[in-house]
Amino acid sequence: MTSPLFRGRPRRAGPHLAVRVAHAALGGAAGFVWLVLPGMTPPADAPVAIITPSPAGGTVGTAAATDATDATDGDETSGADLVLPVAVVGAAGALAGYGYVRRRRRARSRTAPGAGRPGAPRAADAEAAAPAHGDGEAAAPGHGGGAGDGDGVPGLVDAENRLLAAREELAFAEARGGPEAVAPWARAVRDAEAELASAYAMRQRYDEGVPADAAERRHVLAGIAGRCHEVVRTLDAGSVPWSVQAAQLPGALEVAEVRFRELTAHTPAVEATLSALHARYAPAALDAVTGYPELAKDWLVLATTELNGARQASDLGRPTEATGHLRAAEGAIARAGVFLAETDRLARDLTEAARLVPAALTGAEAELAAHRAPAPPEGAPPPPAAPLLPHADAVLAAVRAEVTSGRPYDPLELLRRVVRATEPLSAGESGVLAAAAHLAAADSLAAAEAFLATHREGVWLTARTRLAEARRLFARGNAVTQADRIRADDLAREARASAEQDVRLRGHQPAGA
């Protein structure tokens, strides 16, 4: 049921396993030879039987006289013969065991993508986080989302994962008690979001090389670590009063089960929606949500198991265990909800984009017409916009041909092409082209946010930083420009692509890894 993209990490133990098997086979063969060889080769000092004729015409061997001697020496000889084979077999086993232990140690300490533990960093991120108090993804042991710099300081990845989990918990707490009951917790989540946004803005500038001075860069990393610590402290302080108590377990379980049933009932409708989209639009338009209904089902299956465990633990009077199962169930239900909601959202955006494409083409033609002018007098320089017009004309002609071809197309991608072709010539920040750029950027942001929320255990720092910068540009209100919208769109798409690559390299980590 799960998309191949998100299945477990690639197996890499094959060569090591082959080496261990070869060691064991070599040791076994050597032991076998040493065990058989004494039986095939007579002892050098073995007595030779003297044959004498018997009175009855037979022969009598004096070797019989040596039977007692052979019986006496046999045990000593066989015991001596077994010493070396046993030693060889033991040495081979020890060599195989050493190889296995060495491989395990190397896997635990490796920093290459996909190795060992979920917190393994990229080389680029590790270089940026080299100082003792890093960027929140500090060098060992928690770079990439774990414990930060080894002093218990959380990193950006860890802080954001806790924030995402807190949002999920807050949603269920609000469903139990209403918005007013959880207002202080909601305020704590908003404060944590502001701190994290500031930390990511600092990280984005750091990645761009600002500041350039090494000492100042260390200060920036220390500031990022401090803000991450504040995010976790704020979330911990705000969530304590709202944790589920034993007396609240029945009501909390009922809320989770109601949400579970809603999503289970909605899943077939989402599958039908996705099938209809495939019939109407080009496959590339649906890449972002391909497999999402199946992934939602996977998480709902996990939620079923956790809800049953919570019910059983509650009935047996084990509230702590029941609360753990409940939280796991809520997390699984929340992720299933994201997968289903994201498919519905893309369906709405594609419908809106298809409606907007003809108007965007008309608006773009109007923008270009404003820059067309009679040929300048001979010897006069051409208008500044003149070199840009042929390219824009070619893009608009290609978009118009695709729309009228009768074949399925990606309306959001067509809007992006129109907006980018005319942005250097655009005169204002409103109108149909601004609306087209806004829709395209909002789509990219939503897709990247959903992917991060549902695959956060496998996504590294770079993708998160680019997404945070796209979010900052897009949330500037009236100050946002057409260039900002295009830049936000590009950053969000870059973040999504980087996050997908992270998950491919590491394998999708289970929730709570």
Side-chain angles (χ1 to χ4, degrees), residues 270 273-274 276-278 280-290 292 338-368 392 395-396 398-404 407-453 466-497 499-500:
V270 173
T273 297
L274 189 57
L277 293 176
H278 276 291
R280 183 177 179 185
Y281 299 109
L286 305 170
D287 282 347
V289 299
T290 297
Y292 272 19
V338 172
F339 284 124
L340 298 178
E342 181 63 11
T343 306
D344 287 335
R345 179 206 60 79
L346 181 60
R348 293 191 300 269
D349 284 358
L350 287 172
T351 301
E352 175 63 16
R355 184 192 66 80
L356 198 57
V357 166
L361 284 169
T362 302
E365 289 287 1
E367 290 283 356
L368 298 185
V395 170
L396 297 184
V399 169
R400 187 175 290 103
E402 192 163 347
V403 171
T404 59
R407 296 189 302 269
Y409 59 88
D410 181 352
L412 284 165
E413 184 59 29
L414 294 188
L415 286 181
R416 289 187 178 96
R417 290 164 61 183
V418 171
V419 167
R420 282 163 171 72
T422 57
E423 190 273 333
L425 305 171
S426 181
E429 304 299 342
S430 60
V432 66
L433 292 178
H438 181 93
L439 179 61
D443 169 76
S444 299
L445 273 168
E449 295 271 12
F451 191 90
L452 173 59
R466 303 301 172 262
L467 177 57
E469 179 66 8
R471 196 185 297 127
R472 185 188 70 82
L473 288 173
F474 194 69
R476 293 172 60 181
N478 295 332
V480 66
T481 65
Q482 191 77 330
D484 289 336
R485 297 185 187 98
I486 294 174
R487 176 63 175 157
D489 184 30
D490 290 340
L491 285 169
R493 298 175 80 191
E494 178 187 344
R496 170 67 187 259
E500 287 182 349

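All figures in this text were calculated on a predicted structure; none of them were measured in a lab.
Nearest heavy atom pair, residue A288 against residue R496, reads O-NH2, 3.1 Å. Here the closest non-hydrogen pair linking P411 and V357 is O-CG2, 3.8 Å. Contact record, L277 with A347: CD1-CB, 3.8 Å, taken as the closest heavy-atom pair. For A285 against L346, the heavy-atom pair with the smallest separation is O-CD2, 3.6 Å. Across every non-hydrogen atom of A360 and L415, the tightest pair is CB-CD2, 3.8 Å. Considering all non-hydrogen atoms of both residues, A483 and E423 come closest at CB-OE2, 4.0 Å.
Note that OG1 of T404 and OH of Y409 are 9.5 Å apart. Values are rounded to the nearest 0.5 Å. Between atom CZ of residue F451 and atom OH of residue Y292 there is a gap of 6.0 Å, rounded to the nearest 0.5 Å. To the nearest 0.5 Å, atoms CG (D443) and CZ (R348) are separated by 11.5 Å. To the nearest 0.5 Å, atoms CG (L286) and CG (L350) are separated by 6.0 Å.
L274 places none of its side-chain heavy atoms less than 4.5 Å from the side chain of V270. Taking the side chain as every heavy atom from C-beta outward, T351 and R355 never approach each other to under 4.5 Å. Using a 4.5 Å heavy-atom threshold, the side chains of R485 and L473 count as separate. L491 has its side chain out of reach of L467: every pair of non-hydrogen atoms, C-beta onward, lies at least 4.5 Å apart. Side-chain contact check for L396 versus V418: some heavy-atom pair is nearer than 4.5 Å.
Checking side-chain atoms of Q482 against main-chain N and O of L433 turns up a donor-acceptor pair under 3.5 Å. Of the possible donor and acceptor atoms, none in the side chain of D490 sits under 3.5 Å from a partner among the backbone N and O of R487. In terms of modelled atom types and a separation under 3.5 Å, the side chain of T422 and the main chain of L425 share no donor-acceptor contact.
R420 and D489 are joined by a salt bridge, as a carboxylate oxygen and a charged side-chain nitrogen come within less than 4.0 angstrom of each other. Using a cutoff of 4.0 Å between basic side-chain nitrogens and carboxylate oxygens, E469 and R472 are scored as salt-bridged. A salt bridge links E365 to R400: one of the charged nitrogens lies within less than 4.0 Å of a carboxylate oxygen. Salt-bridge formation is detected for the pair D349/R345: a Lys NZ or Arg NE/NH1/NH2 atom is positioned less than 4.0 Å from an Asp or Glu carboxylate oxygen.
The list of salt bridge (Lys or Arg N to Asp or Glu O under 4.0 Å) pairs with a residue in residues 431-441, not counting sequence neighbours, is empty.
Under the 3.5 Å distance criterion, with hydrogens and angles disregarded, a donor-acceptor pair is assigned to the side chains of R416 and S444.
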Show which side-chain atoms of residues 435-442 pair as donor or acceptor with protein atoms under 3.5 Å away, not counting sequence neighbours.
none

| request: Quick one: do R471 and E449 satisfy side chain to side chain contact (heavy atoms under 4.5 Å, CB included)? Show the steps, please. | output: CA-CA 10 Å; R471 196 185 297 127; E449 295 271 12; 2.6 Å; yes
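The side-chain contact (heavy atoms from CB on, under 4.5 Å) search around V395 returns H391, V399, R417, A421, not counting sequence neighbours.
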